[in-house]
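All remarks here apply to the structure that follows.
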Amino acid sequence: MELLLTIGKSVLFVAVVFAVTLLHVAYATYFERKVIGRMQGRIGPVEVGFRGLLQPFADMVKSLFKEDIIPNEADRPLFFLAPVIVVASVMTSLAVIPFFNNGSIANLNVGVLFIFAMASLAVYGIIVAGWSSNSKYAFLGGVRSAAQVISYEIAMGISLAGVFLMAGSLNLSDIVLAQREQPMGMFAVVQVVGFVVFVISAFAETNRTPFDLPEAETELVAGYLTEYSGFRYALFFLAEYISMYIMAALVALCYLGGWALPGFLTRALPFLELVPGIVWFLLKVYAFMFFYFWVRATLPRYRFDQLMAIGWKILIPVAVLNMVITAGVKRWLM
Amino acid sequence: MLPEIFFSYFACAILGLALLTVTRRNLVHSVLWMLLLFLHIACLYLFLNAEFLAVIQVIVYAGAILVLFLFLVMLLNLREEHEARRFVHAWQGRVAVCLLILTVVVVSLHKVSVQPTGGYTIDFINQTGHTKVLGTALFNQYVLPFLMTALVLFVPMVAAIVIAMKERKR
Amino acid sequence: MIPLSWYLVLAAGLFIIGMVAFLIRRNVIMMLISLELMLNAVNIMLIAASHYLQDIRGQILAFFVMAGAAAGVAIGLALLIAAFRNKETAHMDEYTLLKG
């Protein structure tokens, strides 16, 4: 009986996280279109519902009822499998994210590494999509994506090593708790170099502007998405936005203090303790999402050799230096 | 009972996936079966109370090595495998010899059992955390081999760049 | 508790599959893949033995094997690219440039 109750609770929690995430993704597209619209002197979607608030659902219905086209020469099983790989691996990383105190589906000791592992699985979906479509544009998109993600994952991991060293743990909850007594209550201040490297790699890792070369529409039609239509296209879209949320959550948890408030703030204003932690967490996540959209509206796309040069010649050395200095400071000065 | 069922599933899956991996004509399919195989092996490591190694297995093997394979298969566009002969001419003999070795190994191994001798009990690892236990051992007792790993990784990096670089025109 | 010998037999099976494939497949990439299979079999054996002996050394060794595997693949694939430039194939039997 006890066991059944526990299982029931977990299943309910999983279902809630799943549903809430899907809703957030729907409104992230709306948010993005509004933000970019305003930045470009337009007003964004306004037609469907009050101020266009039902626009995401209209888009969803549209993509569900579109014709599902499969190229003749495509490798059919892999063509079907690719979007599933992407969505499944991205969704799995949601399991280890603590949304509030003790609020993760699975509190793993190697939580951050788990997210890395899942992110590296998601790239298979993209490569396989590019290869199985049997089209030149899709293929180029897939190859580009493979090279890009391998390169930036290294910089990302090494930049996070500084955080691991400061927190002394790979558990996301422990990392959040370790930040309470830091300056400003976040690692972003003391680990500012790692923070910048991580943010840049996060953009590359999620294939967002200015690193959206795998789907660069001016060169590759739509990159690895070229041959996809209807529901499968929507799945890729879903996965892209969830992975943006995962990266935003990782930034919020590892660098911006997660659901916890800095110690000095709660001592000065004790009533802030009453606000549930998920509010602070979501605030930080949405601030980072806004940053994603802001960058997209501002920066042009890099060339591919520039992308590789930034990754290998700047970000990785800087991240390694940051790690070594952090380790030295922690060993001899603290 | 439950551990045995789980182990049997993983053992059968690992062997089956390995067979699928090595018999495919299409290299991309082969690499993808191997991806699934590595995920199963990572789960097996979780049984053995080695969570850090399980995640590293996924990150290093699935995230780096297999992507490298896939990247190369795609870069060289190796589709000619479809026409070329899949196996060498007289493959039956080699398989027979290998199966003979397997039989010998299995017969000699299937009764092996050991007594725990070290101090790293399951409780100790669970209490300290696997990552910390492994890291402490690695950076204290095995720090010299660890530093040598840096060399082992650095030399191939240079070598790979030099080998794969196009020759400059004189 | 699963006996250690089960893990050892599983590792042996995986190793032999890798070995057979290395001997009978002639595609360079396929041979590298079977090398990886063999290394993984070794890792399973090391980690299982480490767990049952309650000794961390096996896992440390498995860690080094992973590093070595990554290094080996990088070199192998670089060699393949170099070979592919001279002879447009990844088939082992086609590399006959040394034959008189």
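Note that this is a predicted model, so its numbers are computed, not measured. Below, chain A is the first sequence line, B the second, and so on; all start at residue 1.
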Could you tell me which non-hydrogen atom of [X] sits nearest to which non-hydrogen atom of [Y], and how far apart they are?
X	Y	answer
C:Ile33	B:Ser30	CD1-OG, 4.3 Å
C:Ile75	B:Pro156	CG1-CB, 3.6 Å
B:Leu15	C:Leu14	CD2-N, 3.7 Å
C:Ile44	B:Tyr45	N-OH, 3.7 Å
C:Met30	B:Thr21	CE-O, 3.0 Å

- Say whether, by atom type as modelled, one donor and one acceptor occur between the side chain of B:Arg94 and the main chain of C:Ile24 under 3.5 angstrom. no

- Message: Less than 4.5 Å to any heavy atom of chain C: does that hold for the side chain of B:Phe52, its backbone, both, or neither?
- Response: side chain

- Aromatic ring centroids of B:Tyr142 and C:Phe63 under 6.0 Å? no

- Query: Quick one: are B:Leu44 and C:Leu10 in side-chain contact, heavy atoms under 4.5 Å?
  - Reply: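 They are in side-chain contact.
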
- So which of B:Val133, B:Leu66, B:Leu68, B:Val162 has the largest heavy-atom pair count under 4.5 angstrom toward chain C? B:Leu68

- Message: Report which part of C:Ile81 has an atom under 4.5 Å of a heavy atom belonging to chain B: side chain, backbone, both, or neither.
- Response: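 Side chain only.
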
- Query: In terms of side-chain heavy atoms, does B:Gln57 have a donor or acceptor partner in C:Asn40 at a distance below 3.5 Å?
  - Reply: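 The answer is yes; a qualifying pair exists.
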
